[in-house]
Structure formats: C-alpha cells, structure tokens
2 protein chains.
Amino acid sequence: MTRLFNAPAAFADEALEGFVAAHRRWVRPVSGGVVRSAPAPRGQVAVVIGGGSGHYPAFSGLVGPGLAHGAAVGNVFASPSARQIRTVAEQAHAGGGVLLMFGNYAGDVLHFGQAAEQLNAAGIETRCVSVTDDISSADRADQDKRRGIAGDLPVFKAAAAAAEQGRDLDGVEAAARHANARTRSFGIAFSGCTLPGADHPLFTVDEGRMAVGLGIHGEPGIGEREVPSADGAAELLVSALLAELPEGVTDPRGERAAVILNGLGTVKYEELFVVYRRVAQLLAEAGIEVVDPEVGELVTSFDMAGVSLTLCWLDEELEPLWTAGADTPAYRKGEVTAPAAGSAQEIRTDAPDATVPAATEASRTAAATAVAALRAVKDTVDTHAEELGRIDAVAGDGDHGIGMRRGSEAAHAAAVRAAEAGAGAGTAVGAAADAWADRAGGTSGALWGVLLHAVGAALGDTEAPTAGTVADGVSEASAAVRRLGGAEVGDKTMVDVLVPFADTLAGAVADGAPLTAAWDRAATAAEDAAKSTAGLVPRIGRARPHAERSLGTPDAGAHSLALIVRAVHGVLATH
Amino acid sequence: MTRLFNAPAAFADEALEGFVAAHRRWVRPVSGGVVRSAPAPRGQVAVVIGGGSGHYPAFSGLVGPGLAHGAAVGNVFASPSARQIRTVAEQAHAGGGVLLMFGNYAGDVLHFGQAAEQLNAAGIETRCVSVTDDISSADRADQDKRRGIAGDLPVFKAAAAAAEQGRDLDGVEAAARHANARTRSFGIAFSGCTLPGADHPLFTVDEGRMAVGLGIHGEPGIGEREVPSADGAAELLVSALLAELPEGVTDPRGERAAVILNGLGTVKYEELFVVYRRVAQLLAEAGIEVVDPEVGELVTSFDMAGVSLTLCWLDEELEPLWTAGADTPAYRKGEVTAPAAGSAQEIRTDAPDATVPAATEASRTAAATAVAALRAVKDTVDTHAEELGRIDAVAGDGDHGIGMRRGSEAAHAAAVRAAEAGAGAGTAVGAAADAWADRAGGTSGALWGVLLHAVGAALGDTEAPTAGTVADGVSEASAAVRRLGGAEVGDKTMVDVLVPFADTLAGAVADGAPLTAAWDRAATAAEDAAKSTAGLVPRIGRARPHAERSLGTPDAGAHSLALIVRAVHGVLATH
C-alpha cells in the first residue's frame, strides 16, 4: 500500500515536484507537466505523452532525447486536463507540429482530443495516437477499443525516434500507428493497488489466486485462476501473445520482436528475471529473435502485484526505431546527444488568468444566473456524492462521486471569480469548464469540461441568452461529448441521457415553450433515460476496462447528469 | 510477498539466468556470477563486488563499464562462497589485481576474505574493502562493525571510476576506503520481506507503525514509531544523517554531497519522489549542494517496504569519481565507451572436479572414516534442524538449521564422491569443505568451510592420521575461524565452543590419550561451553545486525558445533 504521502490530494503534485528536483538534467517543469531540459532542434516534431499519475516511469520518466519531448501529468489515475496538455505541448513545440500520445482510456481520449482541437485552432498542427496494446481488454474485432498498458513504451519510442530522424508530422504519426498495430500485451495480477490515503486496495484477489488480463488502474482482469509457477506464468503470457499475431505475420518463426516484461509495482526484479528466463526460452522455441529486451518496471500501477508481457513485432521500419538511443530519467539506451544540463530555474506556475473580456450588462446578468446554476449543481453533487460513488463502484472504480464533487466545486468557484471580475456568461461558464476538467480528472471531468465549454461558447459575452441560445448550446454540447467521447446512444453512458435531454430541449423550444418549461420537459426525459441505462452494459467510450457491468444500477455518469439538469431547473424557475 | 518462482531452492540461480538472458549486452555468465561482456583494458584493476541474491540491482545489475568488472552472486540473502568469488575474480582479472567489495556482513567478510587469501596465494594480488554506511547498525566508535546498505553504490562506484582512471590497486583501494569513510545511510521500514516459498515475512511491523534503522536482510531495525507523513520521514532521515558528519566536515554548509534515496522494494517511485521533494528542501536549507542525486531502487531487500537515505560527502577526489559515466544493466550515467555486444555463448558451468590426487591406502582408509563422520554430522544436523532454527530465530534470521542441513548434506555427498574416486582423507574432507560453503551460504557455511579445509589440510592424502594430526588440524581450524571470522572467545559465538574444544583435544592428546578418549573429553568441554553462550550477547563477527540477543538460549552456531563433535565421537568410537 501507499504509505508515504502528506495530504493525499497533494500527492501527484508533490511527486512531480520531487521527480523534477531529482532529474533536472533531463526535464524542466512547466504548467501541467514537464518538457525536456534541452529543447529539440527547430522544426522537429514534438512527441507529447501523458496520462494520470501512479504509472511511473510513465509518463514523466520517459521524457528526454530519443523519447518524449514533454509529458502532461494528471492527478492519480486521472487524465491531465486539456489545458495541461495544451500548455505542455506549447512548451514542447519546436515548429514541426505535435503528436499527442497516450493510453486508450476514455478520459485521456477526451482530454487529449480536446487539447488537439485547441492546439490546431491556435495554429499548432497536432495529431493524436492512442496506444491499444492490451489484448485482454477487447476482442480483436474491436482493436481500437483496447486500452494501452506497457505497449506505451515501444509505440512512444517509435514515434519519438522517427521524429529524431527528421520525419514530418505525417511520418511520425504513421510510425506511431504502425508500431501500435504491431504491439500486443497481456498481463496477470496478484493484488490490486491502494491509492494514497485509501485504506483498502481497488480490488483484491484471494491469496494463491491471480487475475488474468489486468488493467493498469486497478481493473481486476477478465478471469481468475490459481497462481502458477514462474514457468507457468511465462507460458500463459507467451501463449496468449502468440495466439494473436499482427496483420502481415502468419508464422512467428524468423520474426524479430522487442520484448518487455513489465512489473506493475511490487513484483520484484528477481521474480521478473525468473519469469523472463522461461519467456526467453519459449520465444526461442517459437523461432522469434528477441531484440533489446526490457525487464523491469516501465508502466506501473502503484503497488499492484502484477506482470505483463509485451511483444512489438519488428520490421525493417520499426527495428531501427526500437534500437535507437534514448536518454530519459528512467529509460536509457545506446548513444544519444547528451542533453544540456537542466536549468535550475523553476517555471512551474499556474498560467495567469487571462484578462476578462468585455461583457454587456445583459450577459453579466446571465453570468449571475449561471453562477447560481453552478451553485445548485455543486450542492446536488455534494448531496449525492456517496450514492454516485456507490453506483460507480458496481463496474467502475467508485470515484465518480469524488471526481464530480471536486469538479463541480472548482467550476462554481471559477465562475464566481470570473463573475466578480465582470465576466459575461460565456466567459464565466468557460472558466467553470476549464476548472471542472482541471480539478475533477477522469472521464467525467473531461466530459463536463467539454459540455460546459460548448454551452459557454453558445452563451457568449454580449447577448442576453434566449431559450434558443441555451438549447443550441446544449445541442452543441451533446454533439461535442459524442465526438470526443466516442460514445453513441445505446452505449449505456451519459450520452444516453444527454442526447434525449438536448433533443427534448431543442424540440420544446422550437415548439415555442419558454426556457423553464422546456428545461423541465427535457429534465424529465433525462430522468427516464438515466433509468434505462441500468443492466448489463458496456462502459463508455473507446476503452472499457470491463466488458460488462452486472447489476441493475444506472450508469453513474448518466444518473448524475439527470440529477444535475433537474437541479438547474430549480434555478431557472426562480431567476 | 514473493509469488513468482519455481522450486524455491532454484530461485537465485534462475533469477541470475533470466537476468543474463535479458542483459547480454552488458554481462556474460561465469561460474559463480557474472563479468562484463567486454573485457576491461589490460592492466586495469578489476573491481569485483558481490553478496546474496534478493538485493537487485545489487549486485549483478551493477556490472559494466564505469562500475564493477564482475559480481559474485550468492543464494537468497546468503554470501557467495569463496569458490564462487574466486572464479568470478579470476575471470574479471585483467592483470592489474583485484579489489573485492561487499557489504559488511559476517558471511560476506568470511567468504571474500577466504577468496582473497586464495587469490593472493594463486598470484593474483587481491584486497578487500567492505562497505559500512549504515549508521544505525553500530555506534560511531564501532564504525567498522556497521553493515553496508545503499552506500554500496557510491563506494563501489568510487573504486570503479578510480580503476577506470588507471590507478593501481593501492590507489583504487584508497579511493574505496576514502569513499566509505565519507558515506552514511539511515533507513526506515514499514514491513519485512517474504522470501520465495516462505509463507510469512521475516519480520512484521503493525499497520501504521514503522521500524527505524532497517537492515537489508529483513533485520527489523533498532526502534519503532508511528509512520510519519512523507515530509516527516524526510526530516527523520536527513536529521539522522546530519547528526553524524564525517571526519573533516565540521559544518555542512557549503559541502557537496551525492544523495541516494533508495527504495527497499515496495515503496513506489511516486512515494520516493514525494519524500525526495522534502529531502531536497532540507538539504538546501542546510546549505548542502546535491550532486547527481539518485531516487530509486538501488539496493533492495526483496519486497520490503522501506526507504533509506544515503549521503556521500564529496570532496575534490570523490566528486569526479561520482559524476563519471557508467553503463550497467541497472545504472547508467553520462558517457562511457559503449561495451561491445555481449557474446551469446553460455559459459556458466560448474567448474569440473579436479582429478583426484594420488593417495595412499592408509589415507583412503581414513577417508572412509571421514565419510562416516560426515554422515553422522549430516544425520545429527537433520535431527536437530528445527531446534537450531528455533534457537537462531531468537536473535538471527532463523535459517541456521536450513543452512546447516544444506551444507552438511552437500559435504557428505562430496566426500562420498571423492572417496569413491579414490581420494585420500585430505582431499575428501577438502571437497566436503568446498561443498558445505558453496551450498549452505551464510556465515555458518563459511565457517564450516574454513574449519573443514583446515582439518583436511592437516590430514593430507599420504599418512594414516594420528591423534596428533587430528588435534593439529582442529587447532588450525580454530585459528582460521578466529582469523577470518573476526570473533574471539567471549563474543558468545561458535568460537566460544571451538577454542575450548580444540584446546582440550590438543591437551588430552599431548597427555597421551588415544584419539577417541581425547575427543570425548573435548566434546564434553564443547558442550559445557555451548551452554555458557546463553544470555545477552552480541552476534558473531564484524557486522552484527542486532546489538544484543535477549533470551537465555545458547548461540545456534555454538550449539550445533557441540552437537556435531559429539556425533563424530560416536563414529570414532566404532572405527
């Protein structure tokens, strides 16, 4: 378990601070994460990686020549916000465009996607590639829904080495996609991890048993069996990977592969070596030539006791990218140009608030209503936080209530500050959106950031919002959440509630209903829809750690959205 | 706990095999351990490190240019045998002599000391330096009794970098001693480690409590207190180290130091970073400039949850040695000449048995008696193994019975093989000595190897042994154990039994008693002496993990020696 921390809420920030203090030769801190201490050559594509904290050396430990140009670092097991990713990417950008890379998790997909949209809008050409190496997380037919685990390393490295070779953004993106298509991982776990300040692990496995098909966020795997011998574990891992050869490989014999035997946290190096001994024998028997194997902790999950095996099937393009030199805090290999000594200058500060744009009196009045609505949202979430956590725990990690509380409080506070500074409704709601995504972390934080951003953009700072403006904003929010979240109606997620809510609202407003009445009708539709998300359903989006949930509770995100729109109705009715 | 293994007894060997398979670029396997894959320049002093398994990356992970030339790798938490150390040193030797380096533990001191004697006798100039950085293991007045923990790294590195600079053996030894004198560590632990196949940890600490002054073999520390915050832990570690400045440093202000925050096994990197954040602040406040800090797992203790802080106070000599480049499986820094790719050739084999030297019929008859005696030793140890373990657990790690059983079985088997091949008594007992030390591990294994070697040398392969020969051999054994073990009568160790046994035997033989009668009298003296080792006593030798033992049981090593000499008496009486 995690024992050494101060305030649990400060853990991720303090860990990053200590990491930077120990590694100034490689990295310098920027708002939202770290970038290389010595800038890349002008015109080189910048590879910016990232994800939640708790996976060290992913992601900050992999920044340096030959690997990432920067890493956006989120809270514990929570995606960095779009703002964080944007800031890190801006600092890492050397004029050649940016490739954002991350494991395929809903929250990361959302935040990195949003950041890419914003960076492109700001004139920095940006692409996204998510890593999908974990074969246990979805069938082969759904490869793009698989999550990313230790395969992050060879895929990140292929892209970074391609950038180092001087390829343009198209070329770097192509290298990343090619490496991802040829990278597969499979894992086992003996115990879940315990987060800082928690008094029990995210999941448990009985002594002597193990989970097969682990995730790196304490997801408990897809099956359970007895702990085998080290040789038995090696056989299980190798046979799982040899059962799914990548496209273009029909016979493993004669193939060459990068091999990573990754410790998740508390499997010791000696144990990894005992397992690797047999892995190497089995791969040799299968006729596979191992190239530059790595045995150690590369993508971890706090103190989880588990191990995963990754094969990246090399070809003429990928092998030189894998064997190229790299020099980062946690991963060094071959020869690279030594980075200049890092500057001791601390430049990690929260970006100063932009000056509040001019707003009309009408929009400032609307901002007051928005603040009141956000207050109601915060209060409702607060009242229901435990219930939301309980619902989420059925199939998720049980932190929905915590995340929503953190996000809604931050959103309300940001809107209050903006309104006090004279902001219009658009700016106030936009500030709330940024704050929610920044502080809540996770998928729901990202979705609420996207949602509020769309609403804020529709409200603007000039006009008094009409029922039509609000309905348009909500429709745009619904579209944006679907676009970035990758979920559709029927996936049994908050989209199942958001779409009927937006459509009912738009329909009622089109029928001439005043805002409050229209909202009431839409909120009722939302409540009905939330109930229908109960049952055996997949989790949201492109990456779903569990194939199914098993109890008749509604989706937590769907349920909280229904509660929130009802609470906002109360505010509209009295303003 | 350790979960991934095959046969627990094969764990260390299999881990080494897997380690080598993954790191052929750096190391090649030799009998007893590993050496660099690319040989050092002719005439360079070879730095050979070593110790038990379970401390990865110590010791095999620290072999490569800029660090060790070879590592002798013992069983789990057991010193490599003198034979292993000798073989590794012979392979690593490049004509410039050998510096053997190891943490200051009784078993290591014995085996490395014996190996050094043998290497010097064979014409390879060899010195020993043991690392004594752990300030909690003995008072400042007894600095040379302190054990070695994570301070191993800067001390090994200083010696290796000095060798790389082309210094001669005197110069390299001096650099090592100078670095050791300026290196201090202090640690804390939250849980003990569980060895492969064991069902409980070597020690436990109640949840929420921690042990202060940990050891790296599951030694439970010198005190206990509540687990502090990460900042509190940093303050404890820093203040302990600043309370004992090395000679020549009166004020830390303005000093420069290498700093290592070492994870013992299951403290995660993120936790280490949170602690390091405060360590860096405190050292800055004390006016100390940190040079190339290391935060990570460098000298571990299986899955022990603990952390130690090491300061190596740099000066003009030590700083360039610390900042020099190194390229090993687990520790890489700066620029070094890239090692040539490792050869795929496996050369790890047990050294072939030397041809049996010619022996007289009389000596072959004596060999049969020796085999019978060793059979009786084995049976006695087997009968009493659990009792010996129980006695040892009072103050030691409880493995005395296991080690004695392993050693005595191997010794008997080796003597049988030698006798069947026509060996005389000297060769048969010498083979038993090597086998005991090789297989038993630990202090007792080393001592029994030394003891039997001395007896075998006195018996020879020519003459029929007389009572005088036997008494001389036992006296020589007594002297050798004292010389290499660093213990004297009164230290409450097996020496307290061995000396009166040898002296009584010699006296009775000088008085004209026949061997069996003299042995009987000596065995009685041994039994009396064993009882008197009970009470509050220090453990054997130069390094004692615990200041005192607290119960009235005899020393396990003393007790087993008394049992064994009595069993041998039975054989003598019937042969």
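Below, read A as the first sequence line, B as the second, and so on, with proteins coming before strands; counting in each chain starts at 1.
Summarising the geometry, atom CG belonging to B:Leu309 is positioned 10.5 Å from atom CZ belonging to B:Phe186; distances are rounded to the nearest 0.5 Å. Between the CZ atom in A:Phe190 and the CD atom in A:Glu207 there is a gap of 10.5 Å [rounded to 0.5 Å]. Here A:Thr194 contributes atom OG1 and A:Met304 contributes atom CE; the two are 11.0 Å apart, rounded to the nearest 0.5 Å. Going from atom OG of B:Ser308 over to atom CG of B:Leu261 covers 7.5 Å, rounded to the nearest 0.5 Å. The distance from atom CZ of B:Arg332 to atom OG1 of B:Thr328, rounded to the nearest 0.5 Å, is 7.0 Å.
The side-chain hydrogen bond (donor to acceptor under 3.5 Å, both in side chains) check on A:Glu14 picks up A:Asn6, with sequence neighbours excluded. Residues satisfying the side-chain contact (heavy atoms from CB on, under 4.5 Å) criterion with A:Ala72, sequence neighbours excluded, are A:Pro80, A:Ile85, A:Val88.
Taking chain A as the reference chain and counting heavy-atom pairs below 4.5 Å, the highest number among B:Pro293, B:Ala22, B:Ala21 is found for B:Ala22. Top candidate by heavy-atom pairs under 4.5 Å with chain B, chosen from A:Phe19, A:Phe302, A:Tyr269, is A:Phe19. Ranked by heavy-atom pairs shorter than 4.5 Å toward chain A, the options B:Asp303, B:Val259, B:Asp292, B:Asp231 are led by B:Asp231. The greatest number of non-hydrogen atom pairs below 4.5 Å with chain A, out of B:Ala305, B:Ser53, B:Gly54, is found for B:Gly54.
With a threshold of 4.5 angstrom between heavy atoms, A:Ala233 approaches chain B through side-chain atoms but not through N, CA, C or O. Looking at B:Glu297, the atoms closer than 4.5 Å to chain A (heavy atoms on both sides) all sit in the side chain, from C-beta outward. Contact of A:Val76 with chain B is not made at all, since no heavy-atom distance falls under 4.5 Å. Interface remark: B:Phe5 contributes backbone atoms only to the contact with chain A (heavy atom separation under 4.5 Å). Heavy atoms of B:Val290 lying under 4.5 Å from chain A are absent altogether.
Counting only distance, with no hydrogens or angles, the side chain of A:Ser229 and the backbone of A:Gly232 share a donor-acceptor pair below 3.5 Å.
Residues of residues 55-63 of chain A that come within less than 4.5 angstrom of chain B, heavy atom to heavy atom, are A:His55, A:Tyr56 in numerical order. When the heavy atoms of residues 270-283 of chain B are compared with those of chain A, the residues falling under 4.5 Å are B:Glu270, B:Glu271, B:Phe273, B:Val274, B:Val275, B:Tyr276, B:Arg277, B:Ala280, B:Gln281, listed by number.
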Item to complete: Go through the steps to decide whether B:Asp327 and B:Trp26 satisfy the test side chain to side chain donor-acceptor pair (under 3.5 Å), and finish with yes or no.
Response: CA-CA 8 Å; B:Asp327 183 19; B:Trp26 291 272; 3.0 Å; yes

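Side-chain contact between B:Leu298 and B:Thr310 is absent, with no heavy atoms from C-beta onward closer than 4.5 Å. Residues B:Glu319 and B:Val291 meet the side-chain proximity criterion, which asks for heavy atoms closer than 4.5 Å. Two residues are said to be in side-chain contact when any heavy atoms from C-beta on lie closer than 4.5 Å; A:Leu236 and A:Met210 meet this criterion. A heavy-atom distance below 4.5 Å is not found between the side chains of B:Val307 and B:Asn262.
No more than 12 heavy atoms of other residues, nucleotides or ligands lie within 6.0 Å of CZ in B:Arg225, so this atom counts as exposed by the packing criterion.
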